[in-house]
Protein chains: 2
Amino acid sequence: MAACSIKGRKRLRRGDYSIRANVANALGNPKRLMILDALSDGEMRAGEIVKLLNFEQPTVSRHLALLRRVGIVEQRREGKCVYYRLACSCVTGFFNCIEEVISTRLRRQQRMLSGKGGRA
Amino acid sequence: MAACSIKGRKRLRRGDYSIRANVANALGNPKRLMILDALSDGEMRAGEIVKLLNFEQPTVSRHLALLRRVGIVEQRREGKCVYYRLACSCVTGFFNCIEEVISTRLRRQQRMLSGKGGRA
DNA sequence: CAAATATATTCATATATACGAATATGTGCA
DNA sequence: TGCACATATTCGTATATATGAATATATTTG
């Protein structure tokens with residue numbers, strides 16, 4: 001006999017979660033986040049990003065390729081230079097959400113410390 | 001002589017991008033996305049998720065532990081059962097953003113096909 | 001305490017990712 | 001065409017992640 005009740009509902013979004021995960025996964029790397037953060041100010045050349053962040057040129061190129069592959073950034077060639085930009089304004093929202101998760105976590109940890117840990 | 005101008009601006013968010021990446025990274029896995037999608041309907045027991053998604057019990061447990069570690073979900077024990085819930089409402093926004101990225105990408109691909117590919 | 005249920009952790013391994021170094025491709029210009 | 005600048009790709013390898021199987025821990029109840 002189950003001690004805890006099971007609610008019969010739950011509908012899941014349909015479709016391929018792998019595709020969604022690929023998009024999210026592209027955001028799960030510190031260097032890519034820095035690149036996106038830079039791009040959130042506007043279009044930049046690949047080389048500009050290399051200089052700004054002081055990463056290896058191939059590193060930046062590969063990260064940009066990955067971000068482009070999943071559709072987070074778009075590119076535009078102008079002569080010898082390739083300009084990158086965010087493909088979707090919602091990326092900024094990602095950052096805000098992450099900040100929110102982190103601050104929520106901090107708050108919870110504070111609670112832990114003063115609550116559980118404080119006395120005993 | 002650089003052919004493309006360099007704009008001198010660009011301010012980056014400060015702080016540790018690795019922490020942010022850890023949070024985002026937690027969302028970059030199809031099974032975890034399915035778990036979060038399930039939890040977006042409300043609190044669930046670990047075992048309920050196992051049954052709903054038909055994953056191995058240790059797999060679910062580990063994914064939940066990871067999600068909890070980065071602060072995306074919280075847990076609550078009630079007797080033998082452990083209930084999990086989203087720690088932060090913004091997680092739903094993540095999904096919407098991902099959908100937006102994917103649909104933007106689709107739109108762009110359509111454009112490619114009818115534009116570049118159509119004639120040539 | 002023993003047994004049963006619910007969840008968590010460990011271990012070995014398979015797979016995916018990230019990176020530097022080297023090299024290739026693409027573009028404009030003399 | 002040949003050179004210079006800008007970006008992309010390949011290769012070998014180091015590191016991280018995911019997983020099933022087995023095992024451990026926690027909680028309730030008899």
Side-chain angles (χ1 to χ4, degrees), chain A residues 1-7 17-19 21-36 38-39 43-70 72-85, chain B residues 1-7 17-19 21-36 38-39 43-70 72-85:
Chain A
M1 302 87 177
C4 316
S5 66
I6 295 185
K7 309 153 198 165
Y17 279 80
S18 304
I19 295 177
N22 280 339
V23 177
N25 197 44
L27 298 158
N29 174 284
K31 292 190 177 176
R32 281 196 294 273
L33 287 184
M34 292 176 78
I35 290 173
L36 290 174
L39 289 178
E43 193 174 61
M44 283 183 89
R45 287 184 296 119
E48 237 178 317
I49 298 174
V50 171
K51 278 181 198 149
L52 174 69
L53 301 179
N54 201 31
F55 296 157
E56 296 285 330
Q57 179 269 322
T59 296
V60 169
S61 185
R62 275 180 306 228
H63 282 310
L64 284 171
L66 191 154
L67 289 168
R68 184 172 174 239
R69 201 178 316 134
V70 302
I72 295 177
V73 305
E74 292 176 342
Q75 68 177 188
R76 167 179 76 86
R77 179 175 274 276
E78 190 175 308
K80 284 183 288 194
C81 301
V82 179
Y83 287 85
Y84 283 89
R85 62 179 178 281
Chain B
M1 300 86 177
C4 318
S5 65
I6 294 184
K7 310 154 198 165
Y17 280 81
S18 304
I19 294 177
N22 282 337
V23 177
N25 198 44
L27 298 159
N29 175 283
K31 292 190 178 177
R32 282 197 291 274
L33 286 185
M34 292 177 79
I35 291 173
L36 290 175
L39 289 178
E43 193 174 62
M44 283 182 88
R45 289 184 295 119
E48 239 179 314
I49 298 173
V50 170
K51 278 181 199 149
L52 174 70
L53 300 180
N54 200 33
F55 296 158
E56 297 284 331
Q57 180 269 319
T59 295
V60 170
S61 184
R62 276 179 305 226
H63 282 309
L64 284 171
L66 190 154
L67 289 168
R68 185 172 173 241
R69 200 180 316 134
V70 302
I72 295 177
V73 305
E74 292 177 342
Q75 67 178 186
R76 167 180 75 87
R77 178 175 275 274
E78 190 175 308
K80 284 182 289 195
C81 300
V82 179
Y83 287 86
Y84 283 89
R85 62 179 178 282

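Residue numbering restarts at 1 for every chain, and letters A, B, ... go by the order of the sequence lines.
Atom P of nucleotide C:dA18 and atom CG of A:Leu64 are separated by 13 Å, given to the nearest angstrom. In this entry the distance linking NZ of B:Lys51 with P of C:dT5 reads 11 Å, nearest Å. Atom CZ of A:Arg32 and atom C1' of D:dA16 are 13 Å apart (whole Å). For the pair B:Met44 CE and C:dT7 P, the interatomic distance rounds to 11 Å; values are reported in whole Å. Rounding to whole angstrom units, OH of residue B:Tyr83 and C1' of D:dT27 are separated by 14 Å. Between the CG atom of B:Asn22 and the P atom of D:dT17 there is a distance of 8 Å, given to the nearest Å. Between the C1' atom of D:dA26 and the CZ atom of B:Arg76 lies a distance of 17 Å, rounded to the nearest Å. For the pair B:Gln75 CD and C:dT7 P, the interatomic distance rounds to 11 Å; values are reported in whole Å.
In this model, the phosphate group of D:dA6 is not approached by any side-chain N or O of A:Tyr84 to a distance below 4.0 Å at OP1 or OP2.
Using a 4.0 Å heavy-atom distance criterion, A:Asn25 is classed as a sugar-phosphate-only contact. Among the protein residues, A:Phe55 comes within range of no part of the nucleic acid, since none of its heavy atoms lies under 4.0 Å from any strand. Using a 4.0 Å heavy-atom criterion, one finds that A:Arg68 contacts no nucleic acid atom at all.
Under the rule for a side-chain hydrogen bond (donor to acceptor under 3.5 Å, both in side chains), the partners of A:Arg85 that lie at least two apart in sequence or sit in another chain are A:Glu74.
Using a 4.5 Å heavy-atom cutoff, the side chains of A:Leu64 and A:Ile49 are in contact. Under the 4.5 Å side-chain criterion, counting only non-hydrogen atoms from C-beta, A:Leu36 is in contact with A:Val73. Using a 4.5 Å heavy-atom cutoff, the side chains of A:Val50 and A:Thr59 are not in contact.
Nearest nucleotide to the side chain of B:Cys81, out of C:dT17, D:dT17, C:dA6: C:dA6. The listed nucleotides are C:dA18, C:dT7, D:dT9; the one nearest the side chain of A:Leu66 is C:dA18.
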Subject >> side chain to side chain contact (heavy atoms under 4.5 Å, CB included) evaluation trace for B:Phe55 with B:His63 >> reply: CA-CA 11 Å; B:Phe55 296 158; B:His63 282 309; 5.7 Å; no
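Closest approach of B:Tyr84 and B:Ala46 over heavy atoms only: CE1-CB, 4.2 Å.
For residues 21-30 of chain B, the set of pairs meeting the side-chain hydrogen bond (donor to acceptor under 3.5 Å, both in side chains) definition, not counting sequence neighbours, is empty.
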**OP:** Spell out protein contact along nucleotides 19-30 of chain C as letters: B when the base is contacted, S when just the sugar-phosphate is, - when no protein heavy atom is under 4.0 Å; keep the 5' to 3' order.
**Re:** BBBB----BS--
